[in-house]
Amino acid sequence: MPPSVAAPRSLRRLFSTSSFFPPPAAAAAAAAVAQPRVEPEPNTNLFVSGLSKRTTTEKLREAFSQFGEVVHARVVSDRISGYSKGFGFVRYATLEDAAKGIEGMNGKYLDGWVIFAEYARPRPPPASPLNNGFPSYGHQ
DNA sequence: TGTGAGCGC
């Protein structure tokens, strides 16, 4: 089934106004470090972007709860200003609920804005208390 | 104009 709307990352090139070609070596080096163009593998965690600044965590959970059991939802906001950054995360209880959530909410309107829902990228923990707050450095 | 394409403390 083809998606009815483009993925957020695909929109970036539409905003590009560059009229010259980048150096091939630099482009190849950047491609080696950049994220692959494939979508993230299915996960119960969803990354939701395109949110209105007025959309709150409760509204996010409310909207996504129609398609499955939401165990956690969060709109990311600036810690000091308190304003929404325009994206958030929704975690479903099961993979199939997450899939239904994407199918049901991706490209739909929430608070007047078209939102994008996709699988969130896996994120390693910043530090482990077992290592005295320091990340593992390969030392045994 | 927290009018943006952004992965969380």
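Residue numbers begin at 1 in each chain, while the letters A, B, ... track the order of the sequences.
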Under a 4.5 Å cut-off applied to non-hydrogen side-chain atoms, are A:Phe89 and A:Val48 in contact?
no
Starting at CZ of A:Phe87 and ending at C1' of B:dT3, how long is that distance when rounded to a whole Å?
17 Å
Anti/syn call for B:dG6, syn if |chi| within 90°
syn
Given atom NZ of A:Lys53 and atom P of B:dG4, what is their separation to the nearest angstrom?
8 Å
Nearest-Å distance for atom pair CG/C1', residues A:Asp111 and B:dG4:
16 Å
Would you say that A:Phe64 contacts A:Tyr92 through its side chain, given a criterion of any heavy-atom pair below 4.5 Å between the two side chains?
yes
Nucleotide B:dC7, atom P - distance to CZ of A:Arg121 in whole Å:
6 Å
Nearest-angstrom distance, P atom, B:dT3 to B:dC7
16 Å
If I take atom CD1 in residue A:Ile115 and atom P in nucleotide B:dG6, what distance separates them, rounded to the nearest angstrom?
17 Å
How many whole angstroms separate atom CG of A:Asn45 from atom P of B:dG8?
12 Å
Indicate, with yes or no, if the rings of A:Tyr119 and A:Phe47 have centres closer together than 6.0 Å.
no
Considering every strand and a 4.0 Å limit on heavy-atom distances, what is the contact class for A:Leu46: base, sugar-phosphate, or nothing?
nothing
Hey, does the side chain of A:Thr94 reach the backbone of A:Asp97 with a donor-acceptor pair shorter than 3.5 angstrom?
yes
Nucleotide nearest A:His72 when distance is taken to its side chain, options B:dG8, B:dG4, B:dG6:
B:dG8
Distance in angstrom units between A:Phe47 CZ and B:dG4 C1', rounded
12 Å
Taking the nucleotide of DNA chain B with the closest heavy atom to each, which residue, A:Ala73 or A:Ser81, is nearer the 5' end?
A:Ser81
State whether the aromatic ring of A:Phe89 stacks on the base of B:dG8, taking stacking to mean ring centres under 5.5 Å apart and ring planes under 30° to each other.
yes
Would you check if the side chain of A:Ser77 reaches a backbone N or O of A:Lys85 as a donor-acceptor pair within less than 3.5 Å?
no
Tell me whether the OP1 or OP2 atom of B:dC7 has a side-chain N or O from A:Arg123 closer than 4.0 Å.
no
For atom CG of A:Leu60 and atom P of B:dC7, their distance in whole Å:
17 Å
May I ask you to say what A:Asn43 touches in the nucleic acid, namely base, sugar-phosphate or nothing, with a heavy-atom cut-off under 4.0 Å?
nothing
Go through B:dA5, B:dG4, B:dC7 for me and flag the one nearest to the A:Phe116 side chain.
B:dA5
Nearest to side-chain heavy atoms of A:Ser49, which nucleotide of B:dG4, B:dC9, B:dG6:
B:dG6
